[in-house]
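The next block holds one structure in the form of structure tokens; read it before the comments.
The model shown is predicted, which means the values in this text are computed figures rather than measured ones.
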Amino acid sequence: MTEPVLDVHLKPEDAAHALRADVRAGLTADPKWVSPKWFYDAVGSALFEDITRLPEYYPTRAEREVLASRAGEIAATTGAHSLVELGSGSSEKTRLLLSALREHGTLREFVPQDVSVSALTEAAHAIIADYPGLRVHGVVGDFTQHLALLPGESPRVVAFLGGTIGNLIPEEREKFFRTVRDVLEPGEWLLLGTDLVKDEQTLVRAYDDAQGVTAEFNRNVLNVLNREVGGDFDVDAFEHVALWNAEQEWIEMRLRAKRAMTVTIAELGLTVEFREGEELRTEVSAKFREEGVKRELEEGGFALHRWWTDSEGRFAVSLAQAV
């Protein structure tokens, strides 16, 4: 079996430095926040996989429906030699695209990008086992920092799926699109998954499920801070909150202090006061409309080529071309 090539641009000490910087910035801000990138330790990643299977959490199923029906069209349209996947996993969705491109006869290389060496290595070996002869060139890096270093044989299609684009605020999305465009040659492709604006009840239930899995996932970020930067958060003293911000058209996940408390972050020499009822924002998840996605893509240097939704119009997958 061919071994994957691995480019490591993000070392453990880089992640530790970034975490400390984020924690200091977020816990000294008003209102307080912590970046959602720190959700995904081993426990958080497992909990998120559980979330994707919940009846309330429609995005994963809806996106898979689109890709299952359109993967062949994507392959035929792009003729891509390389599939580059940002925030990669070993998911069924990845395989839908790889299989369609291989069947089309153009696929030569898979370039998965992720922040975890171990997760990326495991996923790369699984892909090689399932797709004999396929070159796998993994990139350990942060898609907010290391996009310019992405390899891949042209023509490429860069896949950014799962609605992860919604975790970026508008200024970050603008930077993201421009950076991806700078990486690509004219005529190469961006495949983007975006959750769509819909009724508030459906949206909130997707982020506040009846079984409490999302609540556990949200609170786990405090376990990460306790372990990685010497925090002493009482995790059970925070309750999960999910709400719809109609003005911004995004879901906000927060952790609300059930009582007043003082939290110490030992590695930063930082003491943080929480009032009873004070909230720590842990994630935004923007929801989109077609005209907004088209505008943001155009401003970033892309032309929207195809727009597909699932049968219920809940989630969109768009294919855009670098101009």
Hydrophobic side-chain clustering at under 4.5 Å (ILVMFWY, transitive links): who's grouped with Leu243? Put none if nobody.
Val241

Please name all residues satisfying side-chain contact (heavy atoms from CB on, under 4.5 Å) with Ala206, sequence neighbours left out, ordered by chain then number.
Tyr57, Tyr58

Return the set of residues passing ring-ring contact (aromatic ring centres under 6.0 Å, His included) with Tyr40 (not counting sequence neighbours), or none when no residue passes.
Phe48, Phe217

All ring-ring contact (aromatic ring centres under 6.0 Å, His included) counterparts of His17, not counting sequence neighbours:
none

Are any non-hydrogen side-chain atoms of Arg156 and Val183 less than 4.5 angstrom apart?
yes

Under the rule for side-chain contact (heavy atoms from CB on, under 4.5 Å), what residues qualify as partners of Val323, not counting sequence neighbours?
Ala303

Can you check whether Val229 reaches Leu270 side chain to side chain, under 4.5 Å on heavy atoms?
no

With sequence neighbours left out, write down each residue that passes side chain to side chain donor-acceptor pair (under 3.5 Å) with Arg275, or none if nothing qualifies.
none

By side-chain contact (heavy atoms from CB on, under 4.5 Å) - contacts of Glu109 (at least two apart)
Ser82, Val111, Arg135, His137, Glu153

Ring pair (Phe, Tyr, Trp, His ring centres under 6.0 Å) contacts touching residues 229-251 (sequence neighbours left out):
Phe233-Phe238, Phe238-Phe274

Thr282: what forms a side chain to side chain donor-acceptor pair (under 3.5 Å) with it, not counting sequence neighbours?
Asn218

Is there side-chain contact between Trp308 and Leu67, with heavy atoms separated by less than 4.5 Å?
no

Output all residues satisfying side-chain contact (heavy atoms from CB on, under 4.5 Å) with Ser285, sequence neighbours left out; order by chain, then residue number.
Asn167, Tyr207, Ile251, Glu283, Lys287

Applying side chain to side chain donor-acceptor pair (under 3.5 Å), name anything that partners Glu273, two or more places apart in sequence or on another chain.
Thr262

Rounded distance [0.5 Å steps], NE2 in His9 versus CG in Asp142:
12.0 Å

Residues that Thr202 engages under side chain to side chain donor-acceptor pair (under 3.5 Å), provided they are two or more places apart:
Asp199

